Amino acid sequence: MFAPSLRTHSRSSSAGSAASFHLREPPEQVEPETTSGNRGCKIFALVYLAGCILVSAFYVIAYGKNQHAYFYTEEVWVPGSVSNQIPLKPKIEIFSDEPYTEWISQRWTYFNNNFSDWPVLPKYIDAIQHNLYFAQNISAITSAQIQFVPVSSLLRLQVKAHSRIAATSDGRLFLFTPSNVTLLDCNPEATEYCDIVASTSNTSNITAVYSLAFSESTNTLWAGTDAGLFYVTHSTDNRLDIALANAVQDPVQTLAWRPSLTSPSNPHPRPFVFGSHSDEVKPVKQRCHRRQQMCDEPFGLLAVGTERRLYFYDGSMWWFEWVSVWYDGKGGLVDGSPTSMVFAPTTGELFISNNVSLTRVNVDYTFDRIGPLQGLPYNQINALHFSDYTTVYPPVGAGQEGGGGASGTVWVGTAKGYALYDVSSQTFKGYFFGQRWHSGESILGFAGCCSQGVVVLSDKGVSVVEGEEWTLQRKAAHYQAMLHRHTRPPGLVADCPLRNYVPATCSPQSSDNDGLWTSLLVVAESCRYQVTKDPQAQANAWALFKGMKFLNDVTGIHGLMARSVVTTNVSVSGDVWHNSTSIPGWLWKGDTSSDEVVGHMFAYPLVHDLVASSQDHKSEVSGLVDSIVGYIKNNSYHLIDVTNHSTTWGVWAPRPLNYDLPWADQHGINALQILSYLLSAYRLTGKIEYFEAWKELFNNGTVGDVSTHYGLNIINQKITFPRDNNFSDDELAFLPYFVYFYSLKGLESRMRAAYSTLLGDMLTASINRTWRYARLERSSAWTAIYSYATGAKDPSLIEDLVWNLRTWPLELIEWETQNSHRLDITFNPEQDRNLQSNTQSVRVLPANERTQLRWNGNPFQLDSDASSSETDPGAWLMPYWFARWLKLL
């Protein structure tokens, strides 16, 4: 088998090999004699350099020095000793932390069986609870100040099922029931104070009220019922009059009204007129002949949806369009019977929903269909709502277009959650389904609330959803506040089970990977300290490091760390738990995996370089690295447990990795790990034995009688076989990638020059190949590490990094998520590790639409069960502060 070897120039005539490689001073450079020719070259170079300086100065004066340009500055390597040199980070200016939209949901429920911190709504009366709740303090700034009370108990009204409430712009409320119509005047700050202004009995044959719309221009309430279209007028003497609109006698399912547009726009052609006193449908000529003339009556425009027709009324005439009949294929301009309608009031567009799709009627009267191919996540639409608030998603870099506009948002409520449609960009800006956002499953209606909020009515309760403008810095502070409840003695971080999903009941428990999870927070706090110089960050990082060191000390074996520890009064089971002989009173969990070693070796270099405040502290960290790597190396690249046998996954030896089929998955990734450990140990301790061991493994050397060629192994370390694609291995590769590149960049420049060509080719080929697959995950952690390792300047990398950080859910509770019903995703036909097809998406969804709160999870997984536990914030804080330290953010 061909395997490249590492060679260097030597004064010896023999060929260089891995075994004969030595670090040498570079040969002396002889200064050539000065001639007139090279004097001319020097003069030209000086003139050229001066010109570059002048051009650069002009650019700074003309454009300023804070432009959001994309540029990269090469690293500068400062000579120094191997053990003390800190690798400098690339200087990349890309991102400005502009505010973006975070959606905050406060949930109420009718039942409190599982969610004890959710407020419980008052008991409801039959089926009307979904539509007839008043909100106390509805104009409150925050949803926490809102309370809901039922109409019937508030006013002692005999409210029946299938009733509706409509609000006017001056705060009055119309309550329309099958038997009566009531006008209420309520205090918006305290809706328990309501007066009945007027009321009238309904003598019509109405059994269900489906929709209400209030026309401000004529002070008229329009009601869509099973008996047709009715209108109610309020006279000056407080009398309510109700009448049937003869133009529409079919059952009316939904209504929408908008006021007259205030600026000239394209005319609204009316191909048919429907007389108010005639059943005859007649074509009419368009009355507006000039395109600048406003074809809009002072009344505004009323839209009426029935099973087969979509009617329009402008105050003087009626006309209609056909609705498609889905079961026999008869086509109209709307796919099916309208279920809800809403106008964008300022721009005039009408949005119509049905069980198949969404329709947009533009101001020029063109109808556009919005279905799954246009991004609709799910159909079976029950309700629509328009909000002036537009999702804010600012661009990451200069010259890029941001998301959202100034035209508002249409909220699309379906049988499975709701979606937000941005009117300006004509794209969907999010899909919200499940207990992370609302109780129950089906969305039944919406109502405006607060300054930028919307009340969402579901089949199991009510949610108030507010759009708040956050920055990533604010989000970091939000997660930082969670850290204390996830930290347990002796300084470890872990998930915590919750009682009834209440975060306040968080009590962190032992896990299989205490060291790995803690290591992410150690790195996060180390980088935070370097960025902010906050002494608390330094103290946190050191305290968490001491917790990781405890995992090493508790075993009593130098170089062997425990998976986890608990005090002896904690009940545990299994033969992997052992009483500590070095620290009495503690139990430690053995059979430590390679995952744990990856975490320890990831954290220690940054603690040493960024946090350790004294030489004693640095020696403590480097001594721990020496102990771990030396223990593995001296045991023929195995992690030997207290049982005197190798742990199940602690194997980096050439024979199993290169020749045993059961270890084929680890053939490349474990080679990458041990090479990074040896190089890091050499940099931190200065012991040449680690560099010699690294050469022995990297080249086509031998350990015992087994060939190594680990340099070749690492090139294709990423397993791409779909049935064996383990996303945990991405974590176990990218953390060592960082350690490898970080160690390499930290070594002396003359040493790097001796072998960087060959090493760089293999290592670069490896990470670039891995990245071709991992980039699809849009992981902020892997993106940051790849950007550091390669110095990549592609702005789209930072776009992915920021997108992932922004969409990470604020709640780290493991809610149930479901996405396999969605219509806007493409399913992956390949079998996964569970031998199932079409269970993963091809395009990774935003983090707040799925459940992947750790980096070892599958980001393409569509569905997951709830676990009533809260994940620690390390998976977000690590890439955020890591990217801040690298000046990627």
Side-chain angles (χ1 to χ4, degrees), residues 493-495 511-524 527 548 561 563-564 592-606 648-650 652 665-677 680 714 717-720 724-742 766-767 769-789 800-801 804-805 808 812 814 832-833 840 844 847 850-861 864 871-883:
V493 175
D495 297 351
S511 76
D512 274 354
N513 294 295
D514 282 0
L516 178 57
W517 308 146
T518 303
S519 74
L520 301 184
L521 269 305
V522 171
V523 170
C527 294
M548 296 183 69
M561 73 284 292
R563 279 183 177 268
S564 183
T592 304
S593 72
S594 59
D595 306 43
E596 285 296 287
V597 183
V598 164
H600 284 258
M601 295 304 298
F602 175 57
Y604 294 158
L606 291 180
T648 303
W649 297 105
W652 298 269
D665 285 2
Q666 287 73 41
H667 172 75
I669 193 171
N670 282 28
L672 172 66
Q673 291 168 10
I674 193 62
L675 289 174
S676 73
Y677 303 161
S680 181
I714 68 174
Q717 68 82 20
K718 170 68 177 174
I719 300 296
T720 58
D724 196 26
N725 188 10
N726 185 351
F727 291 94
S728 178
D729 285 350
D730 287 341
E731 185 168 41
L732 302 185
F734 272 96
L735 301 188
Y737 272 134
F738 168 74
V739 175
Y740 209 147
F741 278 96
Y742 187 74
S766 175
I767 195 170
R769 176 185 177 273
T770 300
W771 184 245
R772 287 198 293 271
Y773 298 95
R775 183 171 187 177
L776 298 176
E777 302 172 28
R778 302 187 72 180
S779 159
S780 56
W782 311 153
T783 301
I785 289 175
Y786 179 78
S787 296
Y788 167 78
D800 285 348
L801 189 154
N804 188 234
L805 292 174
W808 205 267
L812 300 183
E814 295 182 14
D832 60 15
R833 297 184 72 205
Q840 303 176 94
V844 67
R850 51 187 167 88
T851 301
Q852 187 220 351
L853 301 176
R854 288 210 182 280
W855 295 118
N856 63 346
N858 180 356
F860 301 99
Q861 181 177 334
S864 64
T871 306
D872 72 75
W876 192 94
L877 288 171
M878 187 280 285
Y880 171 75
W881 285 111
F882 186 79

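Nothing here was measured: the structure is a model prediction, and the numbers come from that model.
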Review point. Is any side-chain heavy atom of Tyr604 closer than 4.5 Å to a side-chain heavy atom of Val522?
Key: no
**Study point:** Pair Ser766-Gln717, side-chain donor/acceptor within less than 3.5 Å
**Key:** no
Point to revise | Over all atoms of both residues, closest heavy-atom pair of Met548 and Gly515 | key: CE-O, 3.5 Å
Study note, to complete from the structure: All heavy atoms of Val844 vs all of Pro859, minimum pair found to be CG2-O, 3.5 Å
**Study point:** Minimal non-hydrogen separation, Glu596 against Asp514, with atom names
**Key:** OE2-N, 3.7 Å
Check your understanding: So do the side chains of Asp495 and Asp872 get within less than 4.5 Å of each other, counting heavy atoms only?
Key -> yes
Review point. Would Phe741 and Tyr788 count as a close aromatic pair, with their ring centres under 6.0 Å?
Key: no
Practice item. Could I get the full list of salt bridge (Lys or Arg N to Asp or Glu O under 4.0 Å) partners for Asp665, not counting sequence neighbours? Key: none
Exercise for review: Walk me through it: do Asn856 and Asn513 pass the test side chain to side chain contact (heavy atoms under 4.5 Å, CB included)?
Suggested key: CA-CA 11 Å; Asn856 63 346; Asn513 294 295; 5.6 Å; no
Practice item. Could you tell me whether the side chain of Thr518 and the main chain of Val493 form a donor-acceptor pair under 3.5 Å? Key: yes
Exercise for review: For a side chain to side chain donor-acceptor pair (under 3.5 Å) with Asn858, tell me which candidate from Arg850, Gln840, Gln852 qualifies.
Suggested key: Gln840
Exercise for review: Enter the distance from Asp724:CG to Asp832:CG here, rounded to the nearest 0.5 Å.
Suggested key: 11.5 Å
Point to revise | For the student: nearest non-hydrogen atoms of Pro873 and Leu812, plus distance | key: CA-CD1, 3.6 Å
Exercise for review: For residues Tyr740 and Tyr737, establish whether the separation of their ring centroids is below 6.0 Å.
Suggested key: no
**Study point:** Val598 side chain reached by Pro736 side chain, heavy atoms, under 4.5 Å
**Key:** yes
Check your understanding: So, Arg563 side chain and Asp512 main chain: donor-acceptor pair closer than 3.5 Å or not?
Key -> yes
Study note, to complete from the structure: For Asn804 and Ala847, the nearest pair of non-hydrogen atoms, with its separation, is ND2-CB, 4.3 Å
Using residues 874-882 as the side-chain source, report each donor-acceptor pair under 3.5 Å to any protein atom, sequence neighbours left out, with the distance given to one decimal.
{"from": "Trp876", "atom 1": "NE1", "to": "Leu805", "atom 2": "O", "distance (Å)": "2.9"}
{"from": "Tyr880", "atom 1": "OH", "to": "Arg884", "atom 2": "NH1", "distance (Å)": "2.7"}

Review point. Does some side-chain heavy atom of Arg772 sit less than 4.5 Å from a side-chain heavy atom of Thr720?
Key: no
Practice item. State the CD1-CH2 distance between Ile674 and Trp652, to the nearest 0.5 angstrom. Key: 6.5 Å
Practice item. Nearest 0.5 Å please: distance from the CD atom of Glu814 over to the OG1 atom of Thr851. Key: 7.5 Å
Check your understanding: Measuring from Trp517:CH2 to Arg854:CZ, what's the distance to the nearest 0.5 Å?
Key -> 5.0 Å
Check your understanding: Can any side-chain N or O of Thr770 pair as donor or acceptor with the backbone N or O of Ile767 at less than 3.5 Å?
Key -> no
Check your understanding: Hey, is the main chain of Asn726 close enough, under 3.5 Å, to the side chain of Arg833 for a donor-acceptor pair?
Key -> no
**Study point:** Chi angles and distances behind the side chain to side chain contact (heavy atoms under 4.5 Å, CB included) call for Phe738, Leu606
**Key:** CA-CA 11 Å; Phe738 168 74; Leu606 291 180; 4.0 Å; yes
Practice item. Check whether any side-chain N or O of Thr592 sits under 3.5 Å from a backbone N or O of Met561 as a donor-acceptor pair, and report yes or no. Key: yes
Exercise for review: State, with a plain yes or no, whether a side-chain heavy atom of Asn670 is found less than 4.5 Å away from one of Gln673.
Suggested key: yes
Check your understanding: Do Val597 and Tyr677 pass the side chain to side chain contact (heavy atoms under 4.5 Å, CB included) test, and can you show the C-alpha distance, the side-chain angles, and the key distance before you say yes or no?
Key -> CA-CA 9 Å; Val597 183; Tyr677 303 161; 3.6 Å; yes
Exercise for review: Give, for atom CH2 of Trp782 and atom CG of Asp730, the distance between the pair rounded to the nearest 0.5 Å.
Suggested key: 7.0 Å
Check your understanding: At their closest point, which heavy atom of Ala603 faces which heavy atom of Val523, and how far apart are they?
Key -> CA-CG2, 3.9 Å
Check your understanding: Can you name the ring-ring contact (aromatic ring centres under 6.0 Å, His included) partners of Tyr786, sequence neighbours left out?
Key -> Trp771
Check your understanding: When you look at Phe602 and Leu516, which way does the side chain to side chain contact (heavy atoms under 4.5 Å, CB included) test go after all the steps?
Key -> CA-CA 9 Å; Phe602 175 57; Leu516 178 57; over 6 Å; no
Practice item. Kindly compute the distance separating CE (Met601) from OG (Ser676), expressed to the nearest 0.5 Å. Key: 6.5 Å
